[in-house]
Amino acid sequence: MSSAAAPGPILRENLWTNNPIFMQVLGICSALAVTNLLVNTVIMTIAVVAVMGMTNLTVAIMKSLIPRKVRMMVQTLIIASYVIVVDIILRAYVPDISRELGPYVGLIITNCIIMGRAEAFAQSNRPLISMWDGMTSGMGYMGVLLSIALIRELLGFGSLFGYQVMPAAFEPWIIMVMPPSAFFVLGIIIWIGKAIMEREGAPA
Amino acid sequence: MDKQSFAYTVIFTAVVTFAFVLLLAMANELTIEQIEFNQEVRLQRSVLQAMGVEFQDDEQAAELFERVEQIEVNGLGLYSYERDGEQLYAKEYAGSGVWGTIRGHLGITPDGTRTLGLTVLEHEETPGLGGRIDEGWFQEQFRNKRLVDGRLEMTSRDGTGDFDEDSGEIDGITGATGTSDAMARIINDHLQQLTQALGGAA
Amino acid sequence: MNPPDITLVPLLFASIFTSNILLANFLGMCSFISISKDMQSSNGLGMAVTLVLFLTSGLNWIVYHMVLVPLGLVYLRYIIFIIVIASMVQITEMVIDRVSPKLYITLGIFLPLITVNCAILGVSLFMEIREYSFTQSLVYGLGSGLGWWLAIMLLSAIRKKVEKGPVPAALKGPGITVITIGFMAMAFIGFGGMLPVQ
């Protein structure tokens, strides 16, 4: 991984060339399950962006104070705390969506990307740039999940963000609402993404 | 102080833990009222929807709910509402689905011959399968449905809904036999309680 | 609140097959994809996940109902659950090391991975939301673990064959693996007809 610590390259790297989902299929556990509706996916991925940004910021500020032995534990504590804050906010202000997301908000804690970025970037960089790194990684993740949700909601319900867009004669594809389709759509998106990258000549 | 020493590690961990727990306790304290308020609004909307009372927004729902009374008919706790001289009843129901408890409200006419509507407040059924009980088309089938022998029959036809008010039948969810059966059991259990209590009152 | 009236045998089978924690709820994907390259490691990890899931679902049930609910600290449950899981993994590691050094060699390297396996936290959260009783939680934990183990074994077996096939270059690696998992998920839904659940 190149350690270019400037905002521009970081953005490009996290959104595209080093996108965590394309390259390693990391961290999809907490979010694939909610990709059958766009609204849920938007809220869920905004939560991930916020938690990642704040976690990286906090870890970067505290890095010189954290004893090596408890580093993982402290990072987990930081992540879990921000996730709880997000969970409480969702419960209070968008109760319907919070209910639909159910346990998946809590599962952001075990999203490997978050701890991965805290370890790989925030531990050795300054606070603001770390926060930027966290947020852009979150956005790269958001981009992929939103594309999945777009396809699944459009074909599964014939709607986008809950608004009917397909003609009435359109027969919804039930499979798109069900779990297996998330895997198919993700696999195809990875395929397309990698094919484009290879054409650009980026190392895959 | 040596950052790798045992004492520093313990103190550091304790301080960090304390700070974050404090932060969370504050966040929790600040939103607890809002969360309780949300639950209250949800309950009010559910009761009104089950009775087929229409409202525009949460505010109007709260206003209408002030006229809802909690009554007891032959030992059975019910919500009651008067619309244009006509009484409407609703009862909270709960029962086991495939994965967890299904909870909601069931509306019924005072003579116990028709259901007025059904809502699902909580369920843990599989999303996309049994979870579809919280979709509009499923619940809309219970609107003004005539009971046949005090029951509703769950059928498994094409899974698009049975909107004939006199059929006495509800179209179950395709591919979710367990949830459909559980729903039929729960609803008919509560209908039996209701028709007994209401029949005794008439 | 009363636990739902769900009998244990269907719950066990449903959590292994029809509602497989991995294929239906997408939990535990990270280690699933990276480890399934190798069959022997898959077996080891599957065994470790099953053991830890079984233990933590019971332990988290006790902590939740005996400590968090009485003290009104339910909002801290995510942190507490993850701490319980991390400590459980540590203890399991130590016990296995003492009792069976041979098993430790197989399982040892996988145990630390398990702390951040979403399936473990997921099962604890599901059992809390679904208001399961203690025994239901244990059965659900065990079933989910066995289901995960079965899924990873099957996938690693399929991957062995797939890797020799003519897969388009850009689809190699994660792409084709994810699509394979999709087919497995579809096959597992087919078990639905066998069981009187769902």
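By convention in this document, chain letters (A, B, ...) are assigned in the order of the sequence lines, proteins followed by strands, and residues within each chain are numbered from 1.
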> Which atoms of C:I82 come close to chain A, meaning under 4.5 Å heavy atom to heavy atom: side chain ones, backbone ones, both, or neither?
Replying inline: side chain
> Above 12 or not: heavy atoms from other molecules or residues under 6.0 Å from CE of A:M72?
Replying inline: no
>> With side chain to side chain contact (heavy atoms under 4.5 Å, CB included) as the criterion, how do A:Y104 and C:N25 come out once you've worked through the C-alpha distance, each side chain's angles and the decisive distance to 0.1 Å?
In response: CA-CA 10 Å; A:Y104 291 99; C:N25 293 320; 3.5 Å; yes
>> Measuring only between side-chain heavy atoms, which start at C-beta, is A:P179 closer than 4.5 Å to C:F26?
In response: yes
> Under 6.0 Å from the CH2 atom of A:W191, do we count more than 12 heavy atoms belonging to anything else shown?
Replying inline: no
>> How close do C:F126 and A:P103 get, counting heavy atoms only, and between which atoms?
In response: CE2-CG, 3.5 Å
>> With side chain to side chain contact (heavy atoms under 4.5 Å, CB included) as the criterion, how do A:F183 and C:M186 come out once you've worked through the C-alpha distance, each side chain's angles and the decisive distance to 0.1 Å?
In response: CA-CA 10 Å; A:F183 293 112; C:M186 251 166 77; over 6 Å; no
> What part of C:I129 gets closer than 4.5 Å to chain A, counting heavy atoms only: side chain, backbone, both or neither?
Replying inline: side chain
>> I'd like to know whether CG of A:L128 has more than 12 heavy-atom contacts from other residues, nucleotides or ligands below 6.0 angstrom.
In response: no
>> Is the shortest side-chain heavy-atom distance between C:P174 and A:K194 below 4.5 Å?
In response: yes
> Side chain, backbone, both or neither: which part of C:I176 has a heavy atom under 4.5 Å from chain A?
Replying inline: neither
> Using a cut-off of under 4.5 Å for heavy-atom pairs, which of A:V185, A:D87, A:I79, A:I188 has the most such pairs with chain C?
Replying inline: A:D87
>> Just checking C:K37: does its NZ atom have more than 12 heavy atoms from other residues, nucleotides or ligands closer to it than 6.0 angstrom?
In response: no
> If every non-hydrogen atom of C:C118 is compared with every non-hydrogen atom of A:L107, which pair is closest and at what distance?
Replying inline: O-CD2, 3.6 Å
>> Is C:F81 in contact with chain A via its backbone, its side chain, both, or neither, using a 4.5 Å heavy-atom distance?
In response: neither
>> A quick test of your reading: do over 12 heavy atoms of other residues, nucleotides or ligands sit less than 6.0 Å from CD of A:Q164?
In response: yes
